[in-house]
Amino acid sequence: MNTFGIEASAKLFSIIRDENDIKVILDQYKDDSLFILGGGSNVLLTKDFDGLVIKNEINGFQIIEENNHFAIVESGAGEVWHQFVMKCIDHNLGGVENLSLIPGNVGASPMQNIGAYGVEIKDVFEYLDAYHIKGKKMHRFNAQECKFGYRESVFKNELKGQYIICKVAFKLTKTHTLKTSYGAIENELKQMNIDHPSIKDVSDAVIKIRQSKLPDPKQIGNAGSFFKNPIVSKELLNEIQSNYTDIPNYPAPQNKVKLAAGWLIEKAGWKGRTYDNRYGVHKLQALVLVNYNDSKGDEILNLSTLIIEDVKAKFNVTLEREVNIL
Ligand code: FAD
Ligand code: EPU
């Protein structure tokens, strides 16, 4: 149940399929030790879990409101994200095509405001319904209340562990504004000989790029980018540029710049390093830590600490983990 493919057990486990299941389970379980699991594609399990794991399998896909330009679609938290994207495309609803093939479930998508190829879910987010575990009632959050940031939301920070996201609603387009300016998408569409792309074409291009860049968790255990791309001051960028003129950098809010963690990790010499043939840093994408075979979560966690220390020593940049450590 985790894409790293790491063995770990939970003391108790249950599956929820609707709000009533939550009430029944939480009426019986009085302990605080609770973990909500979606597709397990952004977690690193470092030990057995001495508590209750609730796997969210609340399904549903419904257009609840529409006009000539937009539709509001509600999705159950347990829907697989990529299948949700495919359903939207089948209904000719645009806005999530750049987020094709991101593993995991719809319910986890607001957790870290998933993003790829120039789009984040905050761009299409309408509201979500989440069950307050202590207060035992449902609460509706709008985008502002979710406090979305780069790979961040209120649910990863001050409200961590307090809510079970049950339903997410998105505002999608019927007349589309495609986001193809991300270099790799433009190139891929050119190679596909497409001049006037549809949302399906953009999705196909994104799928091709992702398949060529990222290891498939079915073959090699991983959780995507292990670290976030660091946001630093322009002064620090200038310092690094005095030794490395080619460092990739992108504008970020508050006059800062975003650096590519993959580039920093590669330049620090970690790309492709493998330990005991079991785990290491992926050979094509240095931002992805991998479990080749039977590794332990704490081995991968220790490797990530060594990388953080080395990147700090070499570039004075502090990397933050993106993956949720349990
Ligand atoms: P899980 O791993 O099950 O859970 C993640 C966190 O969310 C945990 O803290 C969990 O407790 C919490 N959670 C999950 N569901 C709920 C719920 N219903 N209510 C409350 N809390 C909940 N991410 C990106 O942003 N962009 C990418 O391009 C991207 N590419 C990836 C590529 C690969 C190959 C892999 C393996 C991962 C990638 N990821 C990417 C990370 C991952 O896909 C996302 O973070 C995804 O949203 C995780 O979904 P999940 O259902 O698997 O969550
Ligand atoms: N790079 C290297 N060496 C590497 C990897 C990357 O030099 O080993 C350089 C690339 O050449 C490029 C830059 O780093 O100049 C950025 O690389 P890429 O476009 O592959 O994107 P990324 O920063 O590695 C981010 C997200 C991905 C998302 C892609 C596409 C984060 C932490 N990661 O990856 O999200 O899919 O962009 O938008 O923001 C995830 O969050 O799990 C994830 C996979």
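Fair warning: this is a prediction, and the values are worked out from it, not measured in the lab. Counting starts at 1 for both ligands and their atoms, in listed order.
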Checklist entry - What does the list of residues with a heavy atom under 4.0 Å from ligand 2 look like, ordered by chain and number? => result A116, Y117, Y150, R151, Y182, R210, K213, G224, S225, F227, K228, N229, P248, Y250, A260, G262, W263, E266, K271, Q285, A286, L287, E322

Checklist entry - In terms of the angle between their ring planes, are Y163 and F141 parallel, tilted or perpendicular, with boundaries placed at 30° and 60°? => result perpendicular

Item to check | Identity of the nearest option to atom 42 (C) of ligand 1, non-hydrogen atoms only, from G115, S41, P215 | outcome: S41

Checklist entry - Do the ring planes of W263 and Y244 sit parallel (below 30°), tilted (30 to 60°) or perpendicular (above 60°)? => result perpendicular

Next on the checklist: For the OG1 atom of T180 and the CG atom of L189, what is their distance to the nearest 0.5 Å?
Outcome noted: 6.5 Å

Next on the checklist: Suppose we measure from atom 16 (C) of ligand 1 to each protein heavy atom; which comes out shortest, and what is that distance?
Outcome noted: I36 CG2, 3.7 Å

Item to check | R210 near ligand 1 by a heavy-atom separation under 4.0 Å | outcome: yes

Item to check | K314 side chain vs A268 backbone, donor-acceptor pair below 3.5 Å | outcome: yes

Next on the checklist: Under 3.5 Å, is there a donor on one side chain and an acceptor on the other for E152 and Q112?
Outcome noted: no

Checklist entry - For N222, does its backbone N or O pair with a side-chain atom of N291 as donor and acceptor, under 3.5 Å? => result no

Next on the checklist: Give the atom numbers and elements of ligand 1 that come within less than 4.0 Å of a heavy atom of L37.
Outcome noted: 3 (O)

Next on the checklist: According to side chain to side chain donor-acceptor pair (under 3.5 Å), does anything in residues 181-200 pair up with another residue at least two apart or in another chain? List the pairs.
Outcome noted: S198-D201, K200-D204

Item to check | Aromatic ring pairing F61/H91, orientation class (parallel under 30°, perpendicular over 60°, tilted between) | outcome: tilted

Item to check | Polar atom proximity, Q112 to ligand 1 (N or O, under 3.5 Å) | outcome: yes

Checklist entry - Can you tell me if S33 uses its side chain to pair, donor with acceptor, with the backbone of D50 under 3.5 Å? => result yes

Next on the checklist: I'd like to check whether G104 has a polar contact with ligand 1, where a contact means an N/O of the residue lying under 3.5 Å from an N/O of the ligand.
Outcome noted: no

Item to check | atom 46 (C) of ligand 1: nearest protein contact (heavy atom, Å) | outcome: P103 O, 3.5 Å

Next on the checklist: Has S153 got a side-chain atom pairing as donor or acceptor with F155's backbone, closer than 3.5 angstrom?
Outcome noted: yes

Checklist entry - Is it the side chain, the backbone, both or neither of A116 that has a heavy atom closer than 4.0 Å to ligand 1? => result side chain

Next on the checklist: Please determine whether any non-hydrogen atom of K160 lies less than 4.0 Å from an atom of ligand 1.
Outcome noted: no

Checklist entry - Any idea which protein heavy atom is nearest atom 53 (O) of ligand 1, and the distance to it? => result A108 CB, 3.3 Å

Item to check | Option of least heavy-atom distance to atom 35 (C) of ligand 1 (set: G78, G224, G107) | outcome: G224

Next on the checklist: Using a 4.0 Å cut-off to any heavy atom of Y163, which atoms of ligand 1 qualify?
Outcome noted: 20 (C)

Next on the checklist: Looking at every non-hydrogen atom in both residues, tell me the closest pair between I231 and A252 and how far apart they are.
Outcome noted: CG2-CB, 3.9 Å

Next on the checklist: Can you tell me how the ring of Y275 sits relative to the ring of Y279, calling it parallel under 30°, perpendicular over 60° and tilted otherwise?
Outcome noted: parallel

Checklist entry - Considering N222, N98, V80, I325, which one's heavy-atom position lies nearest to atom 34 (C) of ligand 1? => result N222

